[in-house]
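Here's the structure we're looking at; comments come further down.
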Number of protein chains: 2
Amino acid sequence: MNSQSEEDYLKALYHLQMESIRVNTNSIADYLKMKPSSVTDMLKKLAEKNYVNYQKYKGTSLSKKGKLVALQIIRKHRLWETFLVEKLGFGWGQVHLIAEQLEHIKSEELIEKLDAFLGNPKYDPHGDPIPNEKGRIEKMNQKLLIELKQNQKGIITGVKRGTASLLSYLDKENIKLGDGVKVLEIIEFDGTFIVEINKRKLTFSEKICQNLLLETYD
Amino acid sequence: MNSQSEEDYLKALYHLQMESIRVNTNSIADYLKMKPSSVTDMLKKLAEKNYVNYQKYKGTSLSKKGKLVALQIIRKHRLWETFLVEKLGFGWGQVHLIAEQLEHIKSEELIEKLDAFLGNPKYDPHGDPIPNEKGRIEKMNQKLLIELKQNQKGIITGVKRGTASLLSYLDKENIKLGDGVKVLEIIEFDGTFIVEINKRKLTFSEKICQNLLLETYD
DNA sequence: CAGGAAATTTAGTTTAGTCTAAAAGTTTCA
DNA sequence: TGAAACTTTTAGACTAAACTAAATTTCCTG
């Protein structure tokens, strides 16, 4: 069993590895708001447990085993965020800190039951994909509404970062994650989209379309 | 903000205080599976923070402030247990260990939203009452056994007028006033109650249930 | 390519929460 | 009432995970 702290490091490593294969000690320290010397200590410990490939002064990368653990934490984080938004009605900005705590709860069974309860979602409310139990992330087929053409369809999976007000607008319009969208018409003049959602015809400004994330089928 | 460990001690104190006002160091150690010396250390710390009234060699009691914290943790524990059983479909035997972790998640708002999501339940799946945000447990009142539902609990306070023979039956069965009763099962067909009293499983006819008075929590 | 700047590691310290062993206080009962 | 038994506290040590300060390595630039 891994400590909360170990889990935080593995998750940080995973996120930072998106940027570059080998991750600097200092960037981990920045990310986790810790001192580089503390990071060095923990990296040695994680290397000991074969979670990372650590080489003095040369940076660190996740091992296969470490990556799996990281993905399982990310899975938990995203499932909990989905729960908080979809079931408890939290708004966006609020969920991260809470999910950061919930992701460390230890119980395989809990997370599988939660997943089922949420209807096995593929994306969290930020539109980030939710890894499966084996740590696999389904290839994303994610697009912005503005990228769609007339008659194309998609399922709302989220909104781009920093657009909390769009979320509350959608909420007010009674539009939820998972709702289907079909592009009926695109007004060339101002980029407005006429779409159908839940059998209702709606008009979305260009700005909305630039921030609304969909999963598409093509 | 209190540590997980501090919260565990306060909760233990609360439960042990049901038995006797001043709680022994050793009984806390037993309850938490720690050594008495560790308990002494923590009690001093909690006394420093005014959560407990600790007197060397004389036992410990919760202060008003400590009791409130304990009740808020118990509230969280019981709400999460309710969630696990009602929403995720766990059996009640399985939920305790998970709720023990979830009860330490820090977020007022989370717990209020969870409470609302569950429909503001008054009892958890074990029939234990859920304290409100202010730590109040609703005042107990009297009911007939027949008014109870499965898993609810009560304390025997008497029998209805004119049923002396019921009293002597109880006496013969070695059941006394003040004994706790828990409804295990209600047989729909004939209204028979299967109950647990003093760790014994007993069957009560509908007529007995119509005449046995209990003190309950709601 | 030398030397300073930046990054990283090492060494030693701190804190919270636990432990063991021993000392001190309390209770019990012959 | 006093000695044994039990309870509790004290003293000192350990571990995980952080820190600071100093030493070391690597990088970059003139």
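Below, chain A is the first sequence line, B the second, and so on; all start at residue 1.
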With a 4.0 Å cut-off, would you call A/E100 and B/K106 a salt bridge? no

To the closest 0.5 Å, what do you measure between OH (B/Y51) and CE (B/M42)? 11.5 Å

Between the protein and nucleotides 23-25 of chain C, which nitrogen or oxygen pairs are less than 3.5 angstrom apart?
unit_1: C/dG25; atom_1: O4'; unit_2: B/Y57; atom_2: OH; d: 3.4

Nearest-0.5 Å distance that lies between atom OG in A/S107 and atom NZ in A/K76: 8.5 Å

To the nearest Å, give me how far apart CG (B/D30) and C1' (D/dT8) are. 13 Å

Euclidean distance, atom CG of residue B/N26 to atom P of C/dT27 [Å, nearest integer]: 13 Å

Against the side chain of A/Y9, the closest entry in D/dT9, C/dT10, D/dA18 is D/dA18

Whole angstroms only, please: what is the CG-C1' distance between A/D41 and D/dT15? 13 Å

May I ask you to check whether over 12 heavy atoms, not counting those of B/R22, lie within 6.0 Å of atom CZ? yes

Is the shortest side-chain N/O distance from A/T40 to OP1 or OP2 of C/dT10 below 4.0 Å? no

For atom NZ of A/K207, is the number of surrounding heavy atoms from other residues, nucleotides or ligands below 6.0 Å larger than 12? no

Rounding to a whole Å, what distance do you find between B/K44:NZ and C/dT18:P? 15 Å

Which nucleotide in D/dT8, D/dA18, C/dT8 has an atom nearest any side-chain atom of A/N24: C/dT8

Strictly below 4.0 Å, heavy-atom distances to any atom of DNA chain D: list the hits from residues 32-39 of chain A, or just say none. A/M34, A/K35, A/S37, A/S38

In this structure, how many angstroms lie between the C1' atom of C/dA7 and the CD1 atom of A/I28, rounded? 13 Å

Could you check how far CZ of B/R22 sits from C1' of D/dT8, rounded to whole Å? 14 Å

Please state how far atom CG in A/L43 lies from atom P in C/dT8, giving the value in whole angstrom units. 10 Å

So, OP1 or OP2 of D/dT10: does either fall under 4.0 Å of a side-chain N or O from B/K56? yes

Protein-nucleotide distance (B/Y31, atom OH; D/dT7, atom C1'), rounded to Å: 21 Å

Reckon A/S5 touches a base, only the sugar-phosphate, or nothing at all at heavy-atom distances under 4.0 Å? sugar-phosphate

Salt bridge between B/K113 and B/E109, side-chain N to carboxylate O under 4.0 Å? yes

Look at atom NZ of B/K49 and say whether more than 12 heavy atoms of other residues, nucleotides or ligands are closer to it than 6.0 Å. yes

What's the verdict on side-chain contact (heavy atoms from CB on, under 4.5 Å) for B/L43 and B/L13, showing C-alpha distance, side-chain angles and the deciding distance? CA-CA 10 Å; B/L43 290 177; B/L13 243 347; 4.1 Å; yes

Within 6.0 Å of NZ in A/K65, more than 12 heavy atoms from elsewhere: yes

